[in-house]
Amino acid sequence: MIEDIRKAVNAQLLEILGALHEGADTILLLGPLEPEFWKVFKSTPEAQDGQSDPLDRWSKRIISQLAINFKASTHFPSDGPPYPPFISWALESGENWASPIGMLVHQNAGLFASYRGALRLNGHLALPAPTTSPCTPCAKPCKTACPVDALSKTSYNVEACKAHILGPDSKSCRAQGCAARSACPVSQTYSRRPEQSAFHMRAFLGE
C-alpha cells in the first residue's frame, strides 16, 4: 500500500520524507519533491490569488484530498496550538537527524528538509529500515557557514539572523537561502530553487 501512496504523493510533486509507527497507526511525513515542486506550485490558484499563506493553503488542499483517497487523517505544521510534533516524528522516522547546527537534516534533502503535512493511516504499514545520518562522515561545513554564528547544536540566535538578512547580507541569505543550510553537501544535491528559499525567508521575516 505504501508504494501506491508514494505514487499518488509524487504525482502532486510531494514526497515521503519520513514514516513511523505511532500507536496503532502509520504516519507519513510529506515534503516538496524537488526540483519541479516550486515551478509547479507557482502556477497554482493559491500562489496567484494574492492572499496570505499560499503554500499552507495549497498544502492543506492537496494533502486533504490525498487523505480522502487513502482513508487517512491529516496533520499540518500550522495546526495549533497545540502543534503537531513534526520534529519528534521526523527524528523517530529514521530518515532525519539533529544536525550539528540544531536543524533537522534529512538523508536526501539535507538541511532543506521541510514538511508540508502528514498523513495518518490506520494500521502498521511496512516501513524501510532506518539509515544513518549523513553528518557522521561529513566535514560539517554548516558549522562555520553562518556569517553571524547564529546557529549551534543547542541554540538559535534569531535576532542576529534577522539583523544579518535585513542588513548588508554578505552571504545573500535573503535571495539564495540560509548560508548554513546551503553549505550542507546533501542540500547541494537536492536542487531546491533559490526563489523557493527566498519565499521562506520572506515568511520568516513576516513580509
Side-chain angles (χ1 to χ4, degrees), residues 1-42 44 46-47 53-80 83-99 103-136 177 181 184-193 196-197 199-200:
M1 183 179 180
I2 196 168
E3 287 308 313
D4 292 335
I5 298 173
R6 191 185 307 278
K7 289 177 182 177
V9 166
N10 290 169
Q12 299 297 336
L13 276 300
L14 293 168
E15 65 177 325
I16 299 171
L17 292 178
L20 65 147
H21 296 144
E22 183 175 78
D25 300 331
T26 299
I27 298 174
L28 305 180
L29 307 176
L30 308 184
L33 178 62
E34 306 296 0
E36 297 302 315
F37 172 79
W38 195 250
K39 182 173 67 175
V40 173
F41 169 72
K42 289 193 302 181
T44 65
E46 291 86 354
D53 303 317
L55 189 52
D56 285 344
R57 290 187 289 115
W58 176 88
S59 300
K60 289 192 173 185
R61 175 170 65 86
I62 295 298
I63 296 174
S64 294
Q65 185 58 57
L66 288 166
I68 292 171
N69 295 346
F70 290 100
K71 297 180 173 59
S73 58
T74 59
H75 300 282
F76 298 97
S78 58
D79 291 344
Y83 296 98
F86 272 82
I87 293 177
S88 296
W89 287 339
L91 291 171
E92 290 174 27
S93 74
E95 295 185 29
N96 302 265
W97 300 266
S99 74
M103 297 177 179
L104 287 176
V105 59
H106 182 266
Q107 61 180 356
N108 298 323
L111 292 174
F112 284 145
S114 65
Y115 303 93
R116 301 312 321 151
L119 296 174
R120 179 185 287 268
L121 299 105
N122 293 329
H124 282 188
L125 303 185
L127 303 181
T131 55
T132 57
S133 171
C135 299
T136 302
R181 291 182 189 268
C184 171
V186 183
S187 298
Q188 292 171 13
T189 68
Y190 191 52
S191 301
R192 180 196 263 191
R193 295 170 182 265
Q196 183 177 352
S197 292
F199 170 91
H200 289 294

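Because the structure is predicted, anything quoted here is derived from the model rather than measured. As a basis for the values below, the full set of heavy atoms in this structure was taken, side chains included, without hydrogen atoms, waters or symmetry mates.
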> At what distance, to the nearest 0.5 angstrom, does NE2 of H75 lie from CG of L29?
Replying inline: 10.0 Å

> Going from CG on D4 to CG on N69, what distance comes out if it is rounded to the nearest 0.5 angstrom?
Replying inline: 12.0 Å

> Among all residues two or more places apart in sequence or in another chain, which pass the side chain to side chain contact (heavy atoms under 4.5 Å, CB included) test with T131?
Replying inline: W97, Q107

> Which atoms form the tightest heavy-atom contact between G18 and N96, and what is the distance?
Replying inline: CA-ND2, 4.4 Å

> R61: what forms a salt bridge (charged side-chain N to carboxylate O under 4.0 Å, His left out) with it, not counting sequence neighbours?
Replying inline: E46

> If you take all heavy atoms of Y115 and A90, which pair is closest and at what distance?
Replying inline: OH-CB, 3.7 Å

> According to the side-chain hydrogen bond (donor to acceptor under 3.5 Å, both in side chains) rule, which pairs have a member within residues 6-18, sequence neighbours left out?
Replying inline: E3-R6, E15-Y190

>> One pair to check against side-chain contact (heavy atoms from CB on, under 4.5 Å): R57 and T44. What are the steps and the verdict?
In response: CA-CA 11 Å; R57 290 187 289 115; T44 65; over 6 Å; no

>> Run the salt bridge (charged side-chain N to carboxylate O under 4.0 Å, His left out) test against D53 and tell me which residues pass, sequence neighbours left out.
In response: none

> Looking only at heavy atoms, what is the nearest atom pair of I63 and A118, with distance?
Replying inline: CG2-O, 4.4 Å

>> Any heavy-atom pair between the side chains of L66 and T74 that's under 4.5 Å?
In response: no

>> Within a 6.0 Å radius of atom CD1 on I87, are there more than 12 heavy atoms belonging to other residues, nucleotides or ligands?
In response: no

> Which pair of non-hydrogen atoms, one from L127 and one from A19, has the smallest distance, and what is that distance?
Replying inline: CD2-CB, 3.7 Å

>> Once side chain to side chain donor-acceptor pair (under 3.5 Å) is applied, do any residues pair with E92, and if so which ones, sequence neighbours excluded?
In response: none

>> Please find the pair of heavy atoms, one from L121 and one from A72, that lie closest to each other, and give the distance.
In response: CG-CB, 3.8 Å

> Between CG of L30 and OG of S59, what distance do you get to the nearest 0.5 Å?
Replying inline: 9.5 Å

> Residues in side chain to side chain donor-acceptor pair (under 3.5 Å) with R193, at least two apart?
Replying inline: none

>> Under the rule for side chain to side chain contact (heavy atoms under 4.5 Å, CB included), what residues qualify as partners of Q188, not counting sequence neighbours?
In response: none

> Is the backbone N or O of E34 less than 3.5 Å from a side-chain atom of S191, with the two atoms forming a donor-acceptor pair by type?
Replying inline: no

>> Within this structure, what is the CD1-CZ distance for the pair I5 and F70, rounded to the nearest 0.5 Å?
In response: 5.5 Å

> Under the salt bridge (Lys or Arg N to Asp or Glu O under 4.0 Å) rule, what pairs show up with a residue in residues 16-31, not counting sequence neighbours?
Replying inline: E22-R120, D25-R120

>> List the residues meeting side chain to side chain donor-acceptor pair (under 3.5 Å) with S114, not counting sequence neighbours, and say none if there are none.
In response: none

> What residue pairs, at least two apart or across chains, pass ring pair (Phe, Tyr, Trp, His ring centres under 6.0 Å) with a residue in residues 20-40?
Replying inline: H21-H124, F37-W58, W38-F41, W38-F199

>> Going by salt bridge (charged side-chain N to carboxylate O under 4.0 Å, His left out), name the residues that satisfy it together with R192, two or more places apart in sequence or in a different chain.
In response: none

>> I'd like to check the side chain to side chain donor-acceptor pair (under 3.5 Å) partners of S99; sequence neighbours left out, ordered by chain and number.
In response: none

> So, the side chain of S93 versus the backbone of L20: is there a donor-acceptor pair under 3.5 Å, distance only?
Replying inline: no

> Going from CG on N108 to CG on L17, what distance comes out if it is rounded to the nearest 0.5 angstrom?
Replying inline: 8.0 Å

>> For the CZ atom of R181 and the OG atom of S197, what is their distance to the nearest 0.5 Å?
In response: 8.0 Å

> What heavy-atom pair brings C184 and V105 nearest, and what distance separates the two atoms?
Replying inline: SG-CG2, 4.5 Å

